[in-house]
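All residue numbers in this chain count up from 1 along the given sequence. Side-chain atoms are counted along with the backbone in the values below, which use heavy atoms only and exclude waters and symmetry mates. Every number for a ligand or one of its atoms is a count from 1 in the order of the listing. Worth saying up front: this structure is predicted, and the values here are computed from it rather than measured.
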Amino acid sequence: MHISETIHTDYLIIGSGVAGLRASIELCSKGNVLVATKDLPTESSTEYAQGGVAVALSDEDEIGIHFEDTIKAGDGLCNEEAVKILVSEGPERIIELINWGAEFDKEGLKLSFTLEAAHSRKRILHAHGDSTGREIERVLIKKVSTMRKIKKASFAMAVDLIVEEGRCIGALLLRGKEIIKCFSKATILATGGAGQVYSRTTNPRVITGDGMAMAFRAGGYLKDMEFVQFHPTALYAPGIPAFLLSEAMRGEGAILRNINGETFMKNYHPLGELAPRDVVSRAIVSEMIKTQSTHVYLDLTHLDEHFLKQRFPTIYSTCLKFNFDITKQWIPVSPAAHFIMGGVETDTDGRTNIEGLFAAGEVACTGVHGGNRLASNSLLEGLVYGYRAAHGAINYVEDKQPPSLNDKEVISGEILYMDSDEIMNVRKELRQTMWERVGVIRCGESLSMAKNRITPVYDKLSKVIFLDPLALELKNMITVDLLITESALARKNSVGAHYRTDYKEKFPGWEKHLKIRKRDRYIEIF
Ligand code: FAD
Ligand code: SIN
């Protein structure tokens, strides 16, 4: 295999969303930093985040109340220490962002806070109405651009981590047709979630679970992979992407109706439209089954037209592009895969079980979200835990002898080339399988069917090496498919966002977290 280039950096960050960028800012005073990212620097879930960022900064709020709401949403599975850190360090990270130029919406001179499901206070800061993620990404990229020691490599896809004697010493990157061996003293995974493993998802195309699959192949432990959050309200229309209609719309008074025009949420939960996300998603699926329809409606027509256009400008204009006017029509919606609570297991300083490897943001599982994430907690997570993972990495590098970075052979195994039509066909079918069998509502039978479909493809693809992005993504996606499905099969109870019709309750042992790792050719749940 021809390696085009070998490079050395003190810190390698993989991913340029909120977690990766925030980490890089912290690291640059301690050494050289390389931020490698798969596409344009902005292409990330962060960029598309709408509703806002939750933070206990309003006069009516307290850190303790944010803590309680987060714990409650997590349904008994949160790591309390991680939640305490999130809510108490969150305000400092947000104020710092404002000082760097973030323009959150205001009412007069005061920051404007909105309400989202399962929050007991108005605590969601937003920017330009419904473009909060874009504003955060803008400010972080601008800040990074002033820092000489941070280098950015766009369109550089991480293929695999380089691990020697149990220590991560960098990663192999693919840039065009070039293979780059990047050695680093510490590496931070910030590759985001895995929404693209489902056929209906709000996540952008780049979010294919790469970091989770790479960590798994390298011997990393993954945790809570059965907990996938399905957002209740993504646009539903044939041939149109599952564009998100923010929960903040229900926070501002939007109503759900079934296809007969009947409101239904109060039949499922006393909080109605503002019930926890998993409850709303399941209620929608139940109504869709009951009325034999593909969708329900989100009705905003009773709200002031001027207010809607001003408060949700991006959603208004995007829906209009697809011929839906949110001010005049009920909008067809149904759930879509949105966020994964599980990921690469880390402690609260981003450390994984592999020496020299750290993870932050959606790719990581600190346990902060438990079985279900409280809305708008993940942008905050990226800021707080991106910062902390950077400090974890700094401490590690200061404590340890630098790794010996001789020129090593890092690729071994058969390199396979797959036809792109074949890749796209397999990818499409597997995404559909995940949606139909490992989706909002699961059972042993559906999960076993998915496993039987996924396993032979996994067995074939996991043995070979790919050096083109599409095939690599497929290999990563099939790995994550298997991790989610195996974990969902092993969890024989319903808790948080994981709901099984054959185990509808929290049966004894539900408090146990499931971890998963690679053992030779097999996977082990422990
Ligand atoms: P991301 O922002 O997803 O960034 C991941 C980065 O890794 C990207 O740059 C990607 O290109 C790169 N990458 C991936 N694989 C590789 C690879 N192999 N090699 C190199 N680079 C790679 N959360 C909230 O708190 N509030 C909201 O209002 C909100 N709204 C949302 C709306 C939408 C439509 C979506 C999809 C999510 C929303 N979320 C929201 C969730 C939140 O946006 C994400 O959880 C969060 O932004 C994740 O940040 P991150 O830095 O971990 O990953
Ligand atoms: C939304 O705006 O509904 C998404 C918020 C989130 O995922 O936290």
Side-chain angles (χ1 to χ4, degrees), residues 12-23 35-55 114 116-117 119 124-127 130-134 136-137 140 152-161 171-175 188-196 201-214 229 231-234 241-251 277 280 312 314-315 336-341 343 359-364 369 373-383 385-386 389 469 472-473 476:
L12 169 65
I13 296 178
I14 308 175
S16 59
V18 58
L21 292 174
R22 185 62 193 84
V35 180
T37 196
K38 199 173 171 178
D39 203 282
L40 289 168
T42 47
E43 199 51 22
S44 59
S45 289
T46 301
E47 177 75 4
Y48 299 100
Q50 295 179 351
V53 53
V55 63
T114 195
E116 282 184 358
H119 286 271
I124 321 296
L125 280 180
H126 43 91
D130 54 3
S131 298
T132 315
R134 185 162 305 153
I136 291 178
E137 190 78 8
L140 292 176
K152 280 167 279 168
S154 306
F155 298 98
M157 178 177 185
V159 175
D160 261 316
L161 298 166
L172 202 64
L173 307 175
L174 180 67
R175 197 174 191 187
I188 300 183
L189 279 176
T191 49
Q196 284 289 329
T201 181
T202 61
N203 290 191
R205 239 208 45 82
V206 289
I207 303 302
T208 48
D210 299 357
M212 293 169 194
M214 283 191 283
Q229 183 172 76
H231 198 290
T233 56
F243 175 70
L244 184 75
L245 277 90
S246 176
E247 192 154 283
M249 297 181 117
R250 279 174 284 129
R277 234 171 232 189
V280 182
F312 302 110
T314 307
I315 300 176
H338 184 60
F339 183 87
I340 182 159
M341 274 65 78
E362 196 171 334
V363 67
H369 306 299
R373 176 181 64 106
L374 186 66
S376 289
N377 261 356
S378 45
L379 291 172
L380 194 68
E381 176 189 24
L383 292 170
Y385 283 99
L472 249 172
E473 282 184 353
N476 292 334

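- When Arg373, His338, Glu137, Glu473 are ranked by how near their heavy atoms come to atom 37 (C) of ligand 1, first place goes to His338.
- Counting protein heavy atoms only, atom 8 (O) of ligand 2 is closest to Ser376 N, 2.6 Å.
- Here Ala375 has no heavy atoms under 4.0 Å from ligand 1, in either its backbone or its side chain.
- Every atom of ligand 1 is numbered from 1 in the order shown, and the set under 4.0 Å from a heavy atom of Phe339 is 45 (O).
- Counting heavy atoms only, Arg277 comes closest to atom 5 (C) of ligand 2 of the residues Glu247, His231, Arg277, His338.
- Residue Met157 approaches ligand 1 through these ligand atoms, each under 4.0 Å from one of its heavy atoms: 18 (N), 19 (N).
- The pair Arg205-Glu473 meets the salt-bridge criterion, since a charged nitrogen lies less than 4.0 angstrom from a carboxylate oxygen.
- At least one N/O-N/O distance between Thr46 and ligand 1 falls below 3.5 Å.
- Contacts with ligand 1 closer than 4.0 Å are made by backbone heavy atoms (N, CA, C, O) of Asn377 only, the side chain lying farther away.
- A salt bridge is absent between Glu137 and Arg134: the closest approach of a Lys/Arg side-chain nitrogen to an acidic carboxylate oxygen does not fall below 4.0 angstrom.
- Nearest heavy atoms, His126 versus Thr114: CD2-CG2, 3.9 Å.
- The closest non-hydrogen atom to atom 14 (C) of ligand 1, taken over Thr191, Leu174, Leu189, Leu173, comes from Thr191.
- Distances shorter than 4.0 angstrom do not occur between any heavy atom of Gln229 and any atom of ligand 2.
- For ligand 2, the polar-atom distance check finds no N/O of Leu244 at less than 3.5 Å from any of the ligand's N/O atoms.
- On a distance-only criterion, Ser246 and ligand 2 share at least one N/O pair closer than 3.5 Å.
- Polar contact check, Ile207 against ligand 1: no nitrogen or oxygen pair lies under 3.5 Å apart.
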- Message: His338 vs Thr201, test: side-chain contact (heavy atoms from CB on, under 4.5 Å). Steps then yes/no.
- Response: CA-CA 6 Å; His338 184 60; Thr201 181; over 6 Å; no
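- Look at Gly133 and you'll find every heavy atom at least 4.0 Å from all atoms of ligand 1.
- Between the side chain of Gln229 and the main chain of Arg373, a donor-acceptor pair closer than 3.5 Å is present.
- Using a 4.0 angstrom heavy-atom cutoff, Val53 does not count as in contact with ligand 1.
- Residue Glu43 approaches ligand 1 through these ligand atoms, each under 4.0 Å from one of its heavy atoms: 8 (C), 9 (O), 10 (C), 11 (O).
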- Item | Step-by-step side-chain contact (heavy atoms from CB on, under 4.5 Å) determination, Leu40 to Phe155 | CA-CA 6 Å; Leu40 289 168; Phe155 298 98; 3.9 Å; yes
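- Under 4.0 angstrom from ligand 1, the non-hydrogen atoms of Ala156 all belong to its backbone.
- Using a 4.0 Å heavy-atom cutoff, Ala375 is listed among the residues neighbouring ligand 2.
- Contact annotation for Leu379 and ligand 1: heavy atoms of both the backbone and the side chain come within less than 4.0 Å of the ligand.
- The closest non-hydrogen atom to atom 30 (N) of ligand 1, taken over Gly15, Ala49, Gly192, Ala360, comes from Ala49.
- The closest approach between any non-hydrogen atom of Ser16 and ligand 1 is below 4.0 Å.
- For ligand 1, the polar-atom distance check finds an N/O of Lys38 within less than 3.5 Å of one of the ligand's N/O atoms.
- Among the candidates Ser154, Ser16, Ser44, the single residue satisfying the side chain to side chain donor-acceptor pair (under 3.5 Å) test with Thr37 is Ser16.
- A salt bridge between Lys38 and Glu43 is absent, with no side-chain N of the basic residue lying under 4.0 Å from a carboxylate O of the acidic one.
- Of the N or O atoms in Ser378, one or more lie within a sub-3.5 Å distance of an N or O in ligand 1.
- Of all the atoms in ligand 1, the ones that sit under 4.0 Å from a non-hydrogen atom of Gly361 are 52 (O).
- The distance criterion of under 3.5 Å between nitrogen or oxygen atoms is met by Gly51 with respect to ligand 1.
- Considering backbone and side-chain atoms together, Ser378 places no N or O closer than 3.5 Å to any N or O of ligand 2.
- Across Ala242, Ala190, Ser45, heavy-atom proximity to atom 6 (C) of ligand 1 is greatest for Ala190.
- Two rings, from His369 and Phe339, have their centers less than 6.0 Å apart.
- The N/O atoms of Met214, backbone and side chain alike, include none that comes under 3.5 Å of an N/O atom in ligand 1.
- Scanning Glu362, Gln229, Gln50, Arg22 for the heavy atom closest to atom 48 (C) of ligand 1 points to Glu362.
- Residue Asn203 places a heavy atom under 4.0 Å from ligand 1.
- At a 4.0 Å heavy-atom cut-off, ligand 1 touches Asp210 through the side chain alone.
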